[in-house]
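Heads up: the structure comes next, in structure tokens.
These values consider heavy atoms only, across backbone and side chains, with no hydrogens, waters or symmetry-generated copies.
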Amino acid sequence: MDEHPLVSICCQTYNHEEYIEKCIEGVLKQRTNFSYELLIHDDASKDRTATIVREYESRFPKTIQGFYQQENQFLKQNTLVNILYKNSRGKYIAICDGDDYWTDPFKLQKQVDFLEKNPGTSLIYHNIVTNRPFPFSFQKQKDFFFSLKDTLRIKQGAAVSMVFINFLKDKRLPEFYNKVVSGDWSLEVILMTMGKGYYMKETMGFYRHHEAGITKRDDFIRKANKAKWYFILRMVFWSPKHSISFIRFLYRNRSWARY
């Protein structure tokens, strides 16, 4: 493995035999003037996902590192935090789950160039396409900066397009983060307490929508909203300088606490 990658790409995968090759190829096709590492966590897949990952790891040992479970960890721990983030050595972290993929070979270069030139920016997104059968919210018509206030109104981007500063080298995620249901949004909130966000209108990734997924059930949505409310309640004390924005969110969505 390269000793000094500028970017660590974190990939979670489970039973993605049909998709994982396209995900990995989208990463390996990145054309950059810096080194990066691809960290893949296979959560005890029952199909050939782990086998495919191992094949790529053997072919690209300087770039890919696999983490393989014998027993599924989904309900036991936050593997993204405890395994992938923990082992990320880059200055920046990018996310691409095993059933998603990047479509632009210059995606990482464009996003990292912007972050390097704008040190007050903690997070950057871009447009994506999806197989969802109706217009998707992460298609913007212009580039723009966004703030914590915007994030507390609505999530600003999709995880597959995310590159953010690796603050975990110096600061741990709060313990209560492990209890969140909507991890992407909660991470965005935390990052917005550290700097500005930026959105690029270029389309550079694909998000795979699963209609039958657990996140589409009404009971899951109610549970997620309640978890968001209590997450922000704790953020009041974790980041007190932003407490006014957090308290306004709590009041505006007070009904969520009763779910």
- Task: Give the intermediate values and the outcome of side chain to side chain contact (heavy atoms under 4.5 Å, CB included) for residues E188 and Y125.
- Result: CA-CA 11 Å; E188 185 180 310; Y125 287 119; 2.6 Å; yes
Can you find a pair of side-chain heavy atoms, one from [X] and one from [Y], that are under 4.5 Å apart?
| X | Y | result |
| --- | --- | --- |
| V81 | K86 | no |
| T13 | H41 | no |
| W102 | M204 | no |
| L84 | F67 | yes |
| I95 | I9 | no |
| L250 | V236 | yes |
| M192 | L123 | yes |
| D100 | C11 | no |

- Query: Does atom NZ of K169 have more than 12 heavy-atom neighbours from other groups under 6.0 Å away?
  - Reply: yes
- Does atom CZ of R252 have more than 12 heavy-atom neighbours from other groups under 6.0 Å away?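 It does: R252 CZ has more than 12 such atoms within range.
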Name every donor-acceptor pair, under 3.5 Å, that has one atom in a side chain of residues 174-183 and the other anywhere in the protein, sequence neighbours excluded.
| unit_1 | atom_1 | unit_2 | atom_2 | d |
| --- | --- | --- | --- | --- |
| E175 | OE2 | R172 | NH2 | 3.1 |
| Y177 | OH | G183 | O | 3.0 |

Drop me the distance from [X]'s [atom1] to [Y]'s [atom2], to the nearest 0.5 angstrom.
| X | Y | atom1 | atom2 | result |
| --- | --- | --- | --- | --- |
| C10 | I93 | SG | CD1 | 5.0 Å |
| L152 | K228 | CG | NZ | 10.5 Å |
| Y198 | F144 | OH | CZ | 9.5 Å |
| I40 | I83 | CD1 | CD1 | 13.5 Å |
| E57 | I64 | CD | CD1 | 7.5 Å |
| K226 | W256 | NZ | CH2 | 13.5 Å |

- Cluster check Y19, V129: I/L/V/M/F/W/Y, side chain < 4.5 angstrom: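 No, because Y19 and V129 fall into different hydrophobic clusters, even though each may have its own neighbours under 4.5 Å.
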- Query: Can you get from L38 to F106 by hopping between Ile, Leu, Val, Met, Phe, Trp and Tyr side chains that sit under 4.5 Å apart?
  - Reply: no
Given 3.5 Å as the limit, does a donor-acceptor pair link the side chain of [X] with the main chain of [Y], or not?
| X | Y | answer |
| --- | --- | --- |
| S88 | G90 | no |
| E37 | R89 | yes |
| D150 | S147 | yes |
| R234 | Y230 | yes |

- Item | Closest non-hydrogen atom pair between S45 and Y14, with its separation | OG-CA, 3.3 Å
- Any cation-pi pair here, R254 with Y251, using under 6.0 Å and within 45°? yes
Mind listing the side-chain donor-acceptor pairs of residues 49-56 below 3.5 Å, one per line with the distance, residues two or more places apart or on another chain?
| unit_1 | atom_1 | unit_2 | atom_2 | d |
| --- | --- | --- | --- | --- |
| T49 | OG1 | H16 | N | 2.8 |
| T49 | OG1 | E17 | N | 3.0 |
| T49 | OG1 | D47 | OD1 | 2.7 |
| T49 | OG1 | D47 | OD2 | 3.4 |
| Y56 | OH | E25 | OE2 | 2.6 |

- Query: Taking it one step at a time, do Y207 and D97 satisfy side chain to side chain contact (heavy atoms under 4.5 Å, CB included)?
  - Reply: CA-CA 9 Å; Y207 164 70; D97 287 340; over 6 Å; no
- Message: Under the criterion side chain to side chain contact (heavy atoms under 4.5 Å, CB included), I'd like the reasoning laid out for N253 against I232: C-alpha separation, chi angles, the key distance, then a yes or no.
- Response: CA-CA 11 Å; N253 300 290; I232 295 299; over 6 Å; no
List the residues meeting ring pair (Phe, Tyr, Trp, His ring centres under 6.0 Å) with [X], not counting sequence neighbours, and say none if there are none.
| X | value |
| --- | --- |
| F246 | none |
| W229 | none |
| F206 | Y101 |

- Item | salt bridge (charged side-chain N to carboxylate O under 4.0 Å, His left out) contacts in which one or both residues fall within residues 63-73, not counting sequence neighbours |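 For residues 63-73: E71-K76.
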[X]: partners by side-chain hydrogen bond (donor to acceptor under 3.5 Å, both in side chains), with sequence neighbours left out:
| X | answer |
| --- | --- |
| N87 | none |
| N127 | Y199 |
| Q156 | none |
| Q73 | Q77 |

With a cut-off of 3.5 Å and sequence neighbours excluded, list every side-chain donor-acceptor pair involving residues 111-122.
| unit_1 | atom_1 | unit_2 | atom_2 | d |
| --- | --- | --- | --- | --- |
| Q111 | OE1 | K107 | NZ | 2.7 |
| Q111 | NE2 | I124 | O | 3.3 |
| Q111 | NE2 | S161 | O | 2.9 |
| D113 | OD1 | Q109 | NE2 | 2.9 |
| D113 | OD2 | Q109 | NE2 | 3.4 |
| E116 | OE2 | K91 | NZ | 2.7 |
| E116 | OE2 | Y92 | OH | 2.4 |
| N118 | ND2 | F114 | O | 2.9 |
| T121 | OG1 | N118 | O | 3.3 |
| S122 | OG | L191 | O | 2.8 |
| S122 | OG | K196 | O | 3.4 |

- Is the W185-F249 ring centre distance short of 6.0 angstrom? yes
- Item | For K110, salt bridge (Lys or Arg N to Asp or Glu O under 4.0 Å) partners two or more places apart |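 With neighbours one apart ignored, the set is D104, E202.
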- The single option from T193, L148, I190 passing side-chain contact (heavy atoms from CB on, under 4.5 Å) against S239: T193
- Query: In a check of side chain to side chain donor-acceptor pair (under 3.5 Å) between Q12 and each of T79, D43, D42, D99, which one passes?
  - Reply: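 Going through the options one by one, the only one that passes is T79.
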- Item | side chain to side chain contact (heavy atoms under 4.5 Å, CB included) between N78 and Y85, worked out | CA-CA 10 Å; N78 188 326; Y85 288 171; over 6 Å; no
